[in-house]
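Shown next, in structure tokens, is the structure this report addresses.
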Amino acid sequence: MTPRVRASLDALKRAAPSAADWIDDRAHWLEWSDLTRCLVAGDEDATSARLLEAATAWRLAKEPPKPKPGKKPKKGQNADGTAFKP
């Protein structure tokens, strides 16, 4: 990564510190378009808000789904429902 890109990423992380892990993930996978979609020309507050929204959505997508209340998770060989049943 070039020094100019690293400096730009550091500036984004300073603008939205709680989105730093998401910014690092996008940079690691070279998903620059995800970062540029958050930029609002001339409005740093709107840019920060968009970065935070994207980071929050990313964190929520990484969490495993929570089981429904009252339902017990399946156990055993056919836990995922794909085992062969003769």
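Following chains of ILVMFWY side-chain contacts shorter than 4.5 Å, one cannot reach Trp29 starting from Leu51, and the two form parts of different hydrophobic clusters. Residue Leu30 is grouped with residue Ile23 when hydrophobic side chains (ILVMFWY) are merged at heavy-atom distances under 4.5 angstrom, including chains of intermediate members.
Between atom NZ of residue Lys13 and atom OG of residue Ser8 there is a gap of 11.5 Å, rounded to the nearest 0.5 Å. To the nearest 0.5 Å, atom CG of residue Asp34 and atom CG of residue Asp25 are 9.0 Å apart.
For the pair Arg50 (side chain) and Val40 (backbone), a donor-acceptor distance under 3.5 Å is absent. Under a 3.5 Å cut-off, the side chain of Ser48 and the backbone N or O of Ala16 do not form any donor-acceptor pair.
For the pair Leu39/Leu12, a side-chain contact is recorded, criterion being any heavy-atom separation below 4.5 Å from C-beta on. Using a 4.5 Å heavy-atom threshold, the side chains of Trp58 and Asp21 count as touching.
Heavy atoms of other residues, nucleotides or ligands lying less than 6.0 angstrom from CD of Glu31 number more than 12.
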Item to complete: Please step through side-chain contact (heavy atoms from CB on, under 4.5 Å) for the pair Val5 and Trp32, ending with a clear verdict.
Response: CA-CA 11 Å; Val5 170; Trp32 305 114; 3.8 Å; yes

Item to complete: Check the pair Leu35 / Trp22 against side-chain contact (heavy atoms from CB on, under 4.5 Å), numbers first and verdict last.
Response: CA-CA 9 Å; Leu35 294 171; Trp22 177 75; 3.6 Å; yes

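Closest of all the heavy-atom pairs between Ala27 and Met1 is CB-CE, 4.3 Å.
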